[in-house]
Amino acid sequence: MTLDIHSGPRAKKSLGQNFLQDKNIANRIVDELGITPEDRVIEIGPGPGALTHLIHARGPKWFTILEKDHHWASEHRKNPPAGDPELNVVLTDALLFPWENLGVGPSWKVIGNLPYNVASPLMWDILSRAPGLVRAVFMIQKEVGDRITAAPNSKQYGGLTVWLQSFCRPKRAFIVPPTVFKPRPKVDSAVLRFEPIPKHELDFDPASLSWVIKVCFQQRRKQMQTILRGYFGERLDEAFAAAGVLPTARPENLTPRQFQLLATTVKNWIPA
Ligand code: SAM
């Protein structure tokens with residue numbers, strides 16, 4: 001059961017509210033999460049609940065929804081799905097959620113038809129900061145999905161690609177047309193599934209990686225030697241050799257691994 005969108009206030013553009021109306025597609029999105037009775041699930045932006053009741057019906061161990069819109073949060077409090085698990089409704093901005101609290105051990109899964117205006121920063125945080133995350137499924141604008149799954153040497157390849165592919169393996173599950181939403185967005189959406197890389201396999205410093213990515217992609221048309229000479233100085237050749245980077249390459253030519261190796265050099269050269 002989904003709450004009645006006509007009973008509520010008008011959809012708010014400022015909160016990226018495009019509500020899914022197609023139960024088949026909603027089921028396919030929830031299927032991608034592969035919910036088991038051991039899972040602890042967090043849904044971001046439930047709105048009237050197109051996904052919420054389907055998630056609950058799959059019987060996770062624990063289920064929390066994070067909603068910034070006061071109206072929809074209180075509607076879910078008043079009309080929770082019957083049976084276990086109890087639905088925890090949190091009225092909050094998901095950007096403020098302490099993702100690092102999803103510790104290793106329990107099986108944490110996060111899902112959402114994300115508000116388009118905060119989708120990128122939300123994914124940037126969740127997928128890098130939640131140590132115990134075992135899977136995430138997000139519906140986002142198709143164009144943003146294309147950037148996330150892009151390969152080096154393409155126009156779509158950028159900072160978001162490098163960052164997310166450093167922490168997880170993203171895969172596009174399927175595309176969703178604008179016709180199944182109310183109100184209709186202008187563009188196609190895509191559902192992506194993310195499998196996090198186990199934390200013990202990550203051998204780079206996230207803060208240094210974030211710095212290198214931002215510095216490089218702010219000047220994506222320049223050569224790597226131009227971008228980083230001021231920082232590495234005389235040790236530029238050494239840094240590039242350690243990462244297998246050509247001085248004349250541009251940021252979009254480097255693999256995520258090469259950015260990680262540059263980040264490690266950055267970290268090691270900063271005196272403690
Ligand atoms: N899940 C519903 C569906 O599929 O129809 C609604 C999806 S709608 C695209 C995005 C939802 O996220 C809205 O309910 C909106 O109020 C909520 N939202 C927007 N910004 C948010 C934020 N920063 N934190 C939590 N929820 C947010």
Side-chain angles (χ1 to χ4, degrees), residues 32 99-100 102 104 108 110 114 119-138 140-173 190-229 231-232 235-270:
E32 288 293 327
W99 299 106
E100 32 288 291
L102 310 191
V104 177
W108 295 102
V110 180
L114 296 184
S120 295
L122 267 173
M123 291 185 286
W124 181 284
D125 282 358
I126 296 166
L127 294 161
S128 62
R129 283 174 30 194
L133 186 72
V134 298
R135 186 177 287 191
V137 172
F138 296 127
I140 53 181
Q141 287 185 313
K142 179 181 168 292
E143 175 266 325
V144 177
D146 290 345
R147 285 199 266 137
I148 291 171
T149 55
N153 306 313
S154 64
K155 221 172 57 204
Q156 288 89 352
Y157 188 78
L160 187 65
T161 324
V162 173
W163 181 254
L164 294 185
Q165 291 188 13
S166 293
F167 292 94
C168 56
R169 298 186 183 88
K171 196 170 174 309
R172 187 167 82 195
V191 175
L192 268 73
R193 197 179 70 226
F194 298 85
E195 305 288 346
I197 299 167
K199 286 286 167 282
H200 64 265
E201 288 178 28
L202 305 181
D203 61 357
F204 56 87
D205 173 51
S208 305
L209 180 63
S210 165
W211 181 83
V212 176
I213 288 174
K214 284 175 184 162
V215 167
C216 291
F217 282 101
Q218 266 161 17
Q219 314 172 61
R220 63 179 291 149
R221 284 172 214 274
K222 293 197 179 146
Q223 295 185 350
M224 290 298 290
Q225 57 186 352
T226 312
I227 299 171
L228 289 179
R229 180 170 288 122
Y231 184 75
F232 285 124
R235 301 179 77 174
L236 187 75
D237 291 343
E238 201 186 319
F240 282 172
V245 170
L246 286 176
T248 54
R250 296 175 206 280
E252 70 186 36
N253 306 129
L254 273 63
T255 62
R257 185 63 189 152
Q258 288 176 307
F259 278 104
Q260 293 161 19
L261 292 167
L262 283 177
T264 299
T265 306
V266 168
K267 169 88 177 155
N268 291 342
W269 287 2
I270 295 173

Nearest-0.5 Å distance that lies between atom [atom1] in [X] and atom [atom2] in [Y]:
X: E32; Y: F194; atom1: CD; atom2: CZ; result: 11.5 Å
X: C168; Y: R193; atom1: SG; atom2: CZ; result: 11.5 Å
X: L209; Y: K214; atom1: CG; atom2: NZ; result: 10.0 Å
X: S166; Y: L127; atom1: OG; atom2: CG; result: 11.5 Å
X: R229; Y: D237; atom1: CZ; atom2: CG; result: 8.5 Å
X: L262; Y: S208; atom1: CG; atom2: OG; result: 11.0 Å

Hits for ring-ring contact (aromatic ring centres under 6.0 Å, His included) against F167, two or more places apart or cross-chain, chain-then-number order -> W163, F204
If we only count heavy atoms from C-beta on, is the [X] to [Y] side-chain gap below 4.5 Å?
X: L202; Y: I197; answer: yes
X: D146; Y: R172; answer: yes
X: Y231; Y: L236; answer: no

Practice task
Apply side-chain contact (heavy atoms from CB on, under 4.5 Å) to E195 and K171, showing your working.
Solution key: CA-CA 8 Å; E195 305 288 346; K171 196 170 174 309; over 6 Å; no
How far apart are the closest heavy atoms of [X] and [Y], and which atoms are they?
X: Q223; Y: P247; answer: CB-O, 3.8 Å
X: W269; Y: A239; answer: CH2-CB, 3.8 Å
X: A243; Y: L261; answer: CB-CB, 3.7 Å
X: M123; Y: I148; answer: CE-CD1, 3.6 Å
X: G158; Y: F217; answer: CA-CE2, 3.6 Å
X: T161; Y: R147; answer: OG1-O, 2.7 Å

Per side-chain contact (heavy atoms from CB on, under 4.5 Å), L228 is matched among V215, V266, V245 by V215
**Residues L192, I140; criterion side-chain contact (heavy atoms from CB on, under 4.5 Å); working and verdict** = CA-CA 8 Å; L192 268 73; I140 53 181; 4.2 Å; yes
Ignoring hydrogens and angles, write down the donor-acceptor pairs under 3.5 Å from the side chains of residues 248-256, residues two or more places apart or on other chains.
{"from": "R250", "atom 1": "NH1", "to": "R221", "atom 2": "O", "distance (Å)": "2.5"}
{"from": "E252", "atom 1": "OE1", "to": "R220", "atom 2": "NH2", "distance (Å)": "2.8"}
{"from": "N253", "atom 1": "OD1", "to": "R250", "atom 2": "N", "distance (Å)": "2.8"}
{"from": "N253", "atom 1": "ND2", "to": "N153", "atom 2": "OD1", "distance (Å)": "2.8"}
{"from": "T255", "atom 1": "OG1", "to": "R257", "atom 2": "N", "distance (Å)": "3.4"}
{"from": "T255", "atom 1": "OG1", "to": "Q258", "atom 2": "N", "distance (Å)": "3.1"}

Residue pair F232, T265: steps toward the side-chain contact (heavy atoms from CB on, under 4.5 Å) verdict
CA-CA 10 Å; F232 285 124; T265 306; 4.1 Å; yes
Point to revise | Stepwise side-chain contact (heavy atoms from CB on, under 4.5 Å) test for V110 and F138 | key: CA-CA 8 Å; V110 180; F138 296 127; 3.9 Å; yes
